[in-house]
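Comments concern the structure below.
Atoms within each ligand, like the ligands themselves, are counted from 1 in listed order. In this text, all values refer to a predicted model and were calculated from it rather than measured experimentally.
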Amino acid sequence: MNTQIGTSVHRAAALLLGGSVVGIPTETVYGLAANALDVVAVSEIFKVKNRPRFDPLIVHLPSFKAAKDYTLFIPPMAHRLAEAFCPGPITFLLPKSDRIPDLVTSGSERVAIRVPAHPLTLELLQVCGLPLAAPSANPFGYISPVTAQHVADQLGGKIEYILDGGPSVIGLESTIVGFEGDQVRLYRPGGISIERLEAICGRVATATVSSENHPQAPGMLTSHYAPRKPLRLIDASEAIESDFPSDTLLLCLKRPLQWRGPVLELSATGSLDEAASNLFSALRTMDQSGAPLLLAIPVPEKELGRAINDRLRRAAV
Ligand code: TXA
Ligand code: MG
């Protein structure tokens, strides 16, 4: 199959309506979309990604209002968070209605709902009129794509069309939240920081680490988002004091003054938002480099730094 990259919303919509799988841009990462109501189309997503069926998919909608068509109940706190952050990088785990096939949720009674903040994909959702199931458009376990070209590099030949919406501006997957009454629980740190959540809903609980093959949100699998070369996490003082080979490649927020080797700086100004948007491209660059050893220094554990460190820990050996 010849994979094309283009900007035609109508072409993407026609393919989706015909049951095909299409690469789509979002503000977080690129997705691999199919009609969420069509079990055959959804199975194709699992096949193309080589994704195990125990890992459920997020359903993308054009507005949070549309969530009532696919859920049994929406807690008041979900409405409050949606008002604050939709469209945007947040995903809601909500009790699913029968319209959503079990394959989409891997048998769970909850469906993950998200309204992406990308103009082209919002238009696509309007034009095709379908809820779109879409995981990140990478082979299972590998680094998420943040450009149409990243998708083509990894899934080229397996899908017909990638809708090109430019680089993903957030660069990290959505924050996943669930609800127990008014209590909000975090299942995956992402593009909306805990600080911003808590400003709306008070203290957020975190999901306990789940087992490897029964994850509550497999984004929580301990090895995920991983480059193919081993990556080691170290702190800044260890990076400077240890005697690493001179061609060791170091990923960090800002270059430690005393580091002499090659570096990939996530943000020269120390901005965690900018660092997030550069993270997955930097991990790809590291993977493709000839460096024998890859090191990364975690960023400050606050705001988007928490999600960056979460991805770094999962990418590391
Ligand atoms: O930003 C994002 O969320 C991107 C873009 C494309 O929207 N999507 C994304 O999808 O990151 P994916 O499949 O790579 O990660 C979604 C995570 C998975 O870890 C999955 O297990 C979890 O969401 N998830 C989906 N449905 C779920 C459900 N019903 N219950 C629990 N976790 C669920
Ligand atoms: Mg993913």
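Checking S136, G31, A112, P145 against atom 26 (N) of ligand 1, the nearest heavy atom belongs to A112.
Counting the atoms of ligand 1 from 1 in the order shown, those under 4.0 Å from a heavy atom of T28 are 1 (O), 2 (C), 4 (C), 5 (C). Near I176, with a cut-off below 4.0 Å to any heavy atom, the atoms of ligand 1 are 17 (C), 22 (C), 23 (O). Interface atoms of ligand 1 facing P135, defined by a heavy-atom separation under 4.0 Å, are 10 (O), 12 (P), 13 (O). Set against the non-hydrogen atoms of E173, the atoms of ligand 1 under 4.0 Å away are 1 (O), 2 (C), 11 (O). The atoms of ligand 1 that sit less than 4.0 Å from any heavy atom of R110 are 28 (C), 29 (N). Taking a cut-off of under 4.0 Å to the non-hydrogen atoms of V29, the atoms of ligand 1 that pass are 4 (C), 6 (C). Near S174, meaning under 4.0 Å from any of its heavy atoms, are these atoms of ligand 1: 1 (O), 2 (C), 3 (O).
Polar contact with ligand 1: absent for T105 (N/O pair, distance under 3.5 Å). Ligand 1 has no N or O atom lying under 3.5 Å from any N or O atom of Y30, backbone or side chain. The shortest N or O to N or O distance between K49 and ligand 1 is not under 3.5 Å.
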- Derivation and outcome, side-chain hydrogen bond (donor to acceptor under 3.5 Å, both in side chains), residues R114 and T28: CA-CA 11 Å; R114 164 161 137 73; T28 58; 3.1 Å; yes
- Task: Tell me, with the steps shown, if S136 and N138 meet side-chain hydrogen bond (donor to acceptor under 3.5 Å, both in side chains).
- Result: CA-CA 6 Å; S136 51; N138 49 287; 2.6 Å; yes
- Query: Taking it one step at a time, do R196 and T175 satisfy side-chain contact (heavy atoms from CB on, under 4.5 Å)?
  - Reply: CA-CA 11 Å; R196 291 181 68 198; T175 299; over 6 Å; no
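By the criterion of a heavy-atom distance under 4.0 Å, neither the backbone nor the side chain of H118 is placed next to ligand 1. Neither the backbone nor the side chain of I24 has a heavy atom within less than 4.0 Å of ligand 1.
Not a single heavy atom of K96 sits less than 4.0 Å from an atom of ligand 1.
Enclosure of atom CD in E109 is not indicated, since only 12 or fewer non-hydrogen atoms of other residues, nucleotides or ligands lie within 6.0 angstrom. Atom CG of D98 has 12 or fewer neighbouring heavy atoms from other residues, nucleotides or ligands inside a 6.0 Å radius. Counting heavy-atom neighbours within 6.0 Å of N50 CG, excluding the residue itself, gives a total of 12 or less. The environment of NZ in K68 is crowded: more than 12 heavy-atom neighbours from other residues, nucleotides or ligands sit within 6.0 Å.
Closest approach of P145 and A137 over heavy atoms only: CG-O, 3.4 Å.
Under the 30°/60° scheme for interplanar angles, the aromatic rings of F179 and F92 are found to lie parallel.
The pair R185-E180 meets the salt-bridge criterion, with a side-chain N (NZ, NE, NH1 or NH2) lying under 4.0 Å from an Asp/Glu carboxylate O.
At a cut-off of 2.8 Å, S136 is counted among the residues with an N, O or S atom near the Mg ion (ligand 2).
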